[in-house]
Amino acid sequence: MADAVNAPLFRDPVHDGAADPVAVWNREAGEWWLVYTNRRVDAPGPGVAWVHGTDLGVAASTDGGRTWTYRGTLDLPDPEWGRNTFWAPEIVRHDGLYHMYVSWIRGVPSDWTGHAEIRHYTSPDLLTWTHHGALDLGSDRVIDACVYPLPDGGFRMWFKDETHGSFTYAADSPDLYHWRLTGPAVTHRPHEGPNVFTLGGHHWMIVDEWRGQGVLRSDDLEHWEYQGLILDTPGSRPDDGGIGLHADVVVQGETAYVFYFTHPDRTPDTDEASYAFRRSSLQMAALRVTGGRLTCDRDEPVEPGLAPES
């Protein structure tokens, strides 16, 4: 299909480590943005220092998501001096402001045990950001925020708490500024990267189980029924041969578009210090609800269909 989106959808031209994307309509620029974790695939050094130490990357699309252009990195006010790490952004728009909840890790640690917290920023245009501080979520190792409006007003945040089994916990807010921890939400197995959306008459949560995306369904955003996996079977498109990792979803009508990343060159024998092990690509696929279940055929050609949002 000549007009189908590219595969891979996007590769970061500086570090080649685009991951954890969030898609957001930039009303001021009139284009869709992917804001993503910007891993340093080319970095020397010990352990996993290469996944730390960068700012959030930005890719923009003016053609409904078919093609994406690298635009640089976001200039977020850093709450501490030195080189720190920004990961896994969540961006929602409310009352004329963009709210970002981003994972912030102190320094450039070479292992996975560093201090991590979720910090709140706001912006009128996705370029100029005001920092509102860290959220008190009862843990010093919380990452991967997802925010969704509640039907009776207010908002709920789901996030990964690494000190409590790497399960998804939740917090509620009346205004996106003040948050109250409500406790564990999804505990079927360790996972990360929760993402919540509504499609086909049901609420859905997908979580990264490091073996594909776990799918959960809910009618009330409180109780979640596990339904198995999507993006667990390798696709045939270029750079889509591995599992789909840490995803974001945009719903438009009866179709949803899932944005995820892959490590296309990894095999069980790949050296963890190698470029092949580290590099990643962003991909896009369509989600649909069939017989009350969420389905995804990652080999289906996806026509560019991201319309402007009000």
Side-chain angles (χ1 to χ4, degrees), residues 8-26 28-29 31-45 47-61 68-93 97-112 114-135 141-147 159-160 192-193 245-248 259-261 263 275 278-282:
L9 187 69
F10 179 76
R11 288 175 64 178
D12 181 88
V14 178
H15 294 296
D16 209 9
D20 313 336
V22 61
V24 58
W25 171 246
N26 185 326
E28 289 65 37
E31 56 195 19
W32 280 91
W33 277 19
L34 288 174
V35 185
Y36 57 90
T37 302
N38 198 14
R39 295 170 167 180
R40 300 177 303 136
V41 172
D42 51 352
V48 293
W50 65 277
V51 307
H52 299 100
T54 53
D55 300 311
L56 299 176
V58 177
S61 175
W68 297 83
T69 301
Y70 177 72
R71 296 302 309 276
T73 59
L74 293 185
D75 185 18
L76 296 179
D78 199 324
E80 294 187 5
W81 70 276
R83 176 69 267 180
N84 299 300
T85 300
F86 292 91
W87 270 0
E90 166 70 317
I91 302 174
V92 297
R93 192 171 188 269
L97 279 180
Y98 299 94
H99 293 255
M100 177 190 290
Y101 301 90
V102 62
S103 306
W104 181 88
I105 295 90
R106 180 176 291 120
V108 188
S110 59
D111 58 29
W112 299 105
H115 174 84
E117 56 197 16
I118 294 171
R119 289 187 170 266
H120 180 203
Y121 293 81
T122 57
S123 172
D125 57 7
L126 293 174
L127 290 174
T128 303
W129 294 91
T130 299
H131 180 225
H132 298 280
L135 277 58
R141 290 183 61 196
V142 290
I143 60 173
D144 297 353
C146 166
V147 175
F159 57 92
K160 177 188 180 184
E192 64 186 15
L245 298 158
H246 195 125
D248 184 48
F259 298 85
Y260 57 97
F261 79 96
H263 285 295
Y275 198 95
R278 295 176 175 184
R279 89 163 179 95
S280 56
S281 293
L282 300 186

*Apply the test side chain to side chain contact (heavy atoms under 4.5 Å, CB included) to residues His246 and Thr37: give CA-CA distance (whole Å), side-chain angles for both, the deciding distance (0.1 Å), then the verdict.*
CA-CA 10 Å; His246 195 125; Thr37 302; over 6 Å; no
*Quick one: list whatever passes ring-ring contact (aromatic ring centres under 6.0 Å, His included) with Tyr98, sequence neighbours left out.*
none
*asked:* More than 12 heavy atoms of other residues, nucleotides or ligands under 6.0 Å from CG of Asp75: yes or no?
replied: no
*Report the distance from atom NZ of Lys160 to atom CD of Glu192, rounding to the nearest 0.5 Å.*
4.0 Å
_Restricting to non-hydrogen atoms, name the atom on Leu245 and the atom on Tyr260 that form the minimum distance, rounded to 0.1 Å._
O-CB, 3.4 Å
*Tell me, do Phe159 and Tyr101 make a side-chain contact under 4.5 Å, heavy atoms counted?*
no
Side chains of residues 80-91: which donor-acceptor pairs under 3.5 Å do they make with residues two or more places apart or in other chains?
from, atom 1, to, atom 2, distance (Å)
Glu80, OE1, Arg106, NE, 2.9
Glu80, OE2, Arg106, NE, 3.3
Glu80, OE2, Arg106, NH2, 2.7
Arg83, NE, Gly53, O, 3.4
Arg83, NH2, Asp55, OD1, 2.9
Asn84, OD1, Gly107, N, 2.7
Asn84, ND2, Asp78, OD1, 3.2
Asn84, ND2, Asp78, OD2, 3.3
Asn84, ND2, Glu80, O, 3.4
Asn84, ND2, Trp81, O, 3.4
Thr85, OG1, Gly53, N, 2.8
Thr85, OG1, Gly107, O, 2.8
Trp87, NE1, Val51, O, 2.8
Glu90, OE2, Val147, N, 2.8

*Is there a donor-acceptor pair closer than 3.5 Å between any side-chain N or O of Tyr121 and the backbone N or O of Pro77?*
yes
*Value rounded to 0.5 Å, distance of OH in Tyr36 from CZ in Phe259*: 14.0 Å
*CH2 of Trp33 to CG of Leu74: how many Å apart, nearest 0.5 Å?*
6.0 Å
*asked:* Going by the rule salt bridge (charged side-chain N to carboxylate O under 4.0 Å, His left out), which residues pair with Arg279 if we only count those two or more places apart in sequence or in a different chain?
replied: Asp239, Asp265
*Write down the atom of Val108, the atom of Ala49, and the distance for their closest heavy-atom approach.*
CG1-O, 3.7 Å
_Sidechain-backbone polar pair: Ser123 side chain, Thr128 backbone, donor-acceptor under 3.5 Å_ = yes
*How many angstroms lie between CG in Asp12 and OH in Tyr70, if you round to the nearest 0.5 Å?*
5.5 Å
_side chain to side chain contact (heavy atoms under 4.5 Å, CB included) between Leu76 and Arg119, intermediate numbers included_ = CA-CA 11 Å; Leu76 296 179; Arg119 289 187 170 266; over 6 Å; no
_Ser281 side chain vs Arg11 backbone, donor-acceptor pair below 3.5 Å_ = no
_I'd like to know if the side chain of Arg278 reaches the main chain of Arg39, judged simply by a donor and an acceptor atom lying under 3.5 Å from each other, with no hydrogens or angles considered._
no
*Any idea which heavy atoms bring His99 and Leu97 closest together, and the distance?*
CD2-O, 3.6 Å
*More than 12 non-hydrogen atoms from neighbouring residues, nucleotides or ligands closer than 6.0 Å to CZ on Arg71, yes or no?*
no
_With rounding to the nearest 0.5 angstrom, report the NE2 to OG1 distance, His120 to Thr130._
9.5 Å
*Can you name the nearest heavy-atom pair linking Leu126 to Asn26, along with the distance?*
CD1-ND2, 3.6 Å
_Exercise: do Thr54 and Asn38 side chains pair donor with acceptor under 3.5 Å_ = no
*asked:* So does Ala23 get a backbone contact from the side chain of Asp248, meaning a donor-acceptor N/O pair under 3.5 Å?
replied: yes
*Would you indicate whether the side-chain heavy atoms of His15 and Asp42 approach each other to under 4.5 Å?*
yes
*Nearest non-hydrogen partners of Ala18 and Phe261, listed with the distance*: O-CB, 3.9 Å
*Can you tell me how far the CH2 atom of Trp68 sits from the CG atom of Leu34, to the nearest 0.5 Å?*
3.5 Å
*Which atoms form the tightest heavy-atom contact between Gly47 and Trp50, and what is the distance?*
O-CD1, 3.5 Å
